[in-house]
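Presented below is the structure to which this report refers.
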Amino acid sequence: MNNYFGTLTPRMESFREELLNVKPQVCVERAVITTQTYQENQDQPLALKRARMLKNVLEKMSIFIEPQTMIAGNQASTNRSAPIFPEYAMKWVIDELDEFEHRDGDVFYITEENKQKLRDIAPFWEHNTLLDRGLAAFPPHSKQYYDLGIIKSEGNITSGDAHCAVDYGNMLRVGLKDYEKRTQKKLESLDLTDYKNIEKSYFYRAILIVIEAVKSFAGRYALLAEETAEKEKDAKRKAELLEMARILKRVPYEPAESFREAVQSLWLVHLILQIESNGHSLSYGRMDQYLNPYYEADLAKGLITEEEACELMCNLWLKTYTINKIRSWSHTQFSAGSPLYQNVTVAGQTTDGKDATNPMSWLILKSVAKCHLTQPNLTVRYHKNLSDEFMRECIEVIRCGFGMPAFNDDEVIIPSFIEKGVKPEDAYNYSAIGCVETAVPGKWGYRCTGMSFLNFPKALLIAMNDGVDPASGTKLCEGVGHFRDFTDFEQVLECWDKVIREMCRQCTIIDATCDMVLEKDTADILCSALTDDCIERGLNMKEGGAVYDFISDLQVGIANLADSLAAMKQIVFEEKKVTPAELWEALQSDFAGEKNEEIRKLLQAAPKYGNDDDYVDQLVVNAYNVYIDEMKKYHNTRYGRGPIGGVYYAGTSSISANVPQGAGTLATPDGRKAGEPLAEGCSPSHGADKCGPTAVFKSVSKLPTKEITGGVLLNQKVTPQMLEKEENKQKLAFLLRTFFNRLHGYHVQFNVVSRETLLDAQKHPENHRDLIVRVAGYSAFFNVLSKKTQDDIIERTEQTL
């Protein structure tokens, strides 16, 4: 581990060790309390039922204060335990109860007693969950795409939405009491003779219930801190506990008045939002911007030192790491490593275009590096005036080898937002959400990233097969004929155009169906209250309460599509070394036999995306533009209901979906064999990028980046030895500036680990407990990943500078 940033204080090191040694458990408390609440409130309007559920959970769940912590608040009965959220899905939970601890990756443990508690409540949820309603609601033809794994959206009908950041800055400035006051005023002004206002009254009453519940929850910890202090013999720790109690009696209900109060208030609300709903990617937003005033004020008053503030921030990251989530095994394969994607964003620009880097920006970099964990997900907003000093500090964090920070480019993202109708002052305040997605904190609806993953290579095979899925023989849509009979490459482009437009339409149908059932079943009251303009409009986020509401769907296998198109164009139609019929037969046989293996070698030798070759790069740009053109025709379910936007845009943040989607995809014309992983994000296929990182950057920059506002995810991999030399650190800085300033790249992040280390970690995991890798738009401990995902990371190209 790189010690450039120093080490943790002894108690934070103790806390970290304790958390890393924990075996993740399944916690059933929330499931039992939620079931009781739903049973007792079946006749209540959704908003009130959801508010009472959260109130009961916060009143009855176990709470504790760790001996090392200065911040109170826990998600489950023990740290790193994953709660069950039965209102979203229960069947997979019951079906997989005995398999949790035998998984190939993302292992969880559960006692027999707790298994029985879940089995006891399961009958109430039979045909009564979001997943049940979602599967039943899919139009029959669209469900075929879901069932065949062509369009996958399981994650959003087995859990909540999230993928947002609330306005933590305003919450800290005014406290929840201000939201309570505004809500009460709106409630009292309603004319209930208008039936729409009756619905709004439920929402306002629900907000009041939830704010009171949050205040009481903080009070529970205040009381516990006082009780613990009474038994504490160490005078320093006793004083610390009493101060914790004092703070918790104030925040988050009252405005924060100090740095310590701000951090405690922030953490408790962030935590409760994830108890309310298990939608992941609940992000912190531009933390350096809203915490810095408290930090600098306390420094000036002598109330805190930089070292004390750094320890408190480390404490926050360790608490952030305590949050956990269990997914079904099929969904787990799309999100390997149990990621929560809790993104924190630093740097960027102020609304007048000046560098926004401040002392808190530096402190966040330092504290995240010291902790060396998978959470939070750290993003730096790059712009041309970012100082060389801060860039060098970022590279030192990269050298720590845990896949952070990622870089997002202001020069691309801000103009893209403004073009889509986002006010400039809001566009300049965007933050990273989850992986590489972006949104304006506190003003954006749920899920700024995709509901559905569309498998591009599988779509290509269906297009080549006259609209029939070659794996199942299912006729899905009208095609333009079979590839065997094609005589020129233009027919390939024609079949792609026809089929991908229909699949885009089906993505919209599936997406809208998920949104529809989520709106009817799972209102998130606190999250909506902290998002403008939900209180003003009397609508929760799912009903159109947010100022902005844009969604990206996710496209998987960009590089495979590029390489497949190039191989067919060159090998089949230009050089005529293989006939269309011969290629199709080779694909169907998975390149079995000597002749088909020779065909595979020809395909593999064709031009490859990632080498700055216009021959292949332009093909994928044109193919992607067809999808983007079709996507612009459609709207989400909030369109016309208040928010600006209500439309879709593209995104390549495929998380670890490239592995399971590759497992269900037959051999492809790029020479990839059946079942092998697809390329991840917009990164080149493994081993295809032969010309170094500059060529990769050039290929990626040719994509229609301003249209892929959902994120252009690029992973790069270098060895630790590569960044030991000062000249190579400088080269990396120059490379990054070139990528963003000249090529207008959207995003990049780095794995700093050698192939040899990863292979040894597979053989001797006990020697690599701290090994963290960048999976996609997030990092994970290597040892918790399935072998297939580990292999996928091992095979990524190691770049030289």
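Note that the structure is predicted; figures quoted are calculated from it, not measured.
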Q: Return yes when atom NZ of K238 has more than 12 non-hydrogen atoms of other residues, nucleotides or ligands closer than 6.0 Å, and no otherwise.
A: yes
**Q.** No-hydrogen, no-angle side-chain donor-acceptor test under 3.5 Å, D409 and H747
**A.** no
Q. Below 4.0 angstrom, N of the basic side chain to O of the carboxylate: do K366 and E393 qualify?
A. no
Q: For D167 and L530, run side-chain contact (heavy atoms from CB on, under 4.5 Å): C-alpha distance rounded to whole Å, both residues' side-chain angles, the deciding distance at 0.1 Å, then the answer.
A: CA-CA 6 Å; D167 192 347; L530 297 176; 5.9 Å; no
Q) Does a donor on one side chain and an acceptor on the other come within less than 3.5 Å for S416 and K420? A) yes
Q: Verify the distance criterion only: is there a donor paired with an acceptor across the side chains of E180 and Q184 at less than 3.5 Å?
A: no
Q) How about D352 and Y428: does a side-chain donor come under 3.5 Å of a side-chain acceptor? A) no
Q | Pair V773-F402, side-chain contact (heavy atoms from CB on, under 4.5 Å): steps then yes or no | A | CA-CA 6 Å; V773 292; F402 60 108; over 6 Å; no
Q. Just by modelled atom types, is the T305 backbone N or O under 3.5 Å from a matching donor or acceptor in the E308 side chain?
A. yes
Q. Which heavy atom of L224 sits nearest a heavy atom of F64, and at what distance?
A. CD2-CA, 3.7 Å
Q. Pick one: which of Q289, K423, Q349, R286 meets side chain to side chain donor-acceptor pair (under 3.5 Å) with N429?
A. R286
Q) Just checking, R381 and F407: is the charged tip under 6.0 Å from the six-membered ring centre and within 45° of the axis? A) no
**Q.** Distance in Å, S387 OG paired with R392 CZ, rounded so as to fall on 0.5 Å steps
**A.** 8.0 Å
Q | Smallest separation among heavy atoms of A262 and L291, with atom names | A | CB-CD2, 3.8 Å
Q) Does a side chain donor of either T320 or Y284 reach within less than 3.5 Å of an acceptor in the other side chain? A) yes
Q) Checking side-chain contact (heavy atoms from CB on, under 4.5 Å) for the pair L268/Y221: CA distance, chi angles, key distance, verdict? A) CA-CA 10 Å; L268 205 63; Y221 283 106; 4.3 Å; yes
(Q) Salt bridge or not between D388 and R737? Use side-chain N to carboxylate O under 4.0 Å. (A) yes
Q) Sequence neighbours excluded, which residues qualify as ring-ring contact (aromatic ring centres under 6.0 Å, His included) partners of F740? A) Y382
Q | Basic-acidic side-chain contact under 4.0 Å: D410, K384 | A | no
**Q.** Test item: side-chain donor near acceptor, Q342 and N377, under 3.5 Å
**A.** no
**Q.** Donor-acceptor pair between T374 and Y341 side chains, under 3.5 angstrom
**A.** no
Q: Please name all residues satisfying side chain to side chain contact (heavy atoms under 4.5 Å, CB included) with S81, sequence neighbours left out, ordered by chain then number.
A: Q25, C27, A76, T78
Q | Closest heavy-atom pair and its distance - I275, N74 | A | CD1-O, 4.0 Å
Q | Carboxylate-amine/guanidinium proximity below 4.0 Å for D178 and R182 | A | yes
Name each donor-acceptor pair under 3.5 Å that joins a side chain in residues 211-218 to protein atoms two or more places apart or in another chain, with its distance.
| unit_1 | atom_1 | unit_2 | atom_2 | d |
| --- | --- | --- | --- | --- |
| S216 | OG | E212 | O | 3.1 |

Q.
Under 4.0 Å between a side-chain nitrogen and a carboxylate oxygen: does that hold for K249 and E261?
A. no
(Q) Please determine whether the number of non-hydrogen atoms from other residues, nucleotides or ligands lying under 6.0 Å from atom NZ of K55 exceeds 12. (A) no
Q) Are side-chain N/O atoms of Y179 and N170 paired as donor and acceptor at under 3.5 Å? A) yes
Q) Checking R16 side chain against L8 main chain: does a donor-acceptor pair fall under 3.5 Å? A) no
Q.
Between E396 and R399, does any side-chain N to carboxylate O distance fall below 4.0 Å?
A. yes
Q. Judged by atom type as modelled, is there a donor-acceptor pair below 3.5 Å linking the side chain of E437 to the main-chain atoms of C435?
A. yes
Q.
Donor-acceptor pair, distance only, cut-off 3.5 Å: does the side chain of E230 make one with the backbone of E227?
A. no
Q) Would one find more than 12 heavy atoms of other residues, nucleotides or ligands at under 6.0 Å from atom CD of E536? A) no
Q) Which of parallel (below 30°), tilted (30 to 60°) and perpendicular (above 60°) describes W444 and Y548? A) tilted
**Q.** Within 45° cone and under 6.0 Å: R80 NZ/CZ vs Y321 ring
**A.** yes
Q.
Would you call the rings of H270 and Y168 parallel, tilted or perpendicular, taking 30° and 60° as the class edges?
A. tilted
Q | Sidechain-backbone polar pair: R173 side chain, Y290 backbone, donor-acceptor under 3.5 Å | A | no
Q | Closest contact, heavy atoms only, N278 versus G160 | A | OD1-N, 3.1 Å
Q) Taking NZ, NE, NH1 and NH2 as the nitrogens, is one of them in R260 or E243 under 4.0 Å from a carboxylate oxygen of the other? A) no
**Q.** Electrostatic pair E311:R11 at N-O distance under 4.0 angstrom
**A.** yes
Q: Search all heavy atoms of N343 against all heavy atoms of L378 and return the closest pair with its distance.
A: OD1-C, 4.2 Å
Q.
Return the OG to CG distance between S779 and L373, rounded to the nearest 0.5 Å.
A. 10.5 Å
Q.
Looking at every non-hydrogen atom in both residues, tell me the closest pair between D426 and K443 and how far apart they are.
A. OD1-NZ, 2.9 Å
Q: May I ask you to decide whether E257 forms a salt bridge with R250, counting only side-chain N to carboxylate O separations under 4.0 Å?
A: yes
Q. Please walk me through it: do L208 and L187 pass side-chain contact (heavy atoms from CB on, under 4.5 Å)?
A. CA-CA 10 Å; L208 297 176; L187 177 60; 4.0 Å; yes
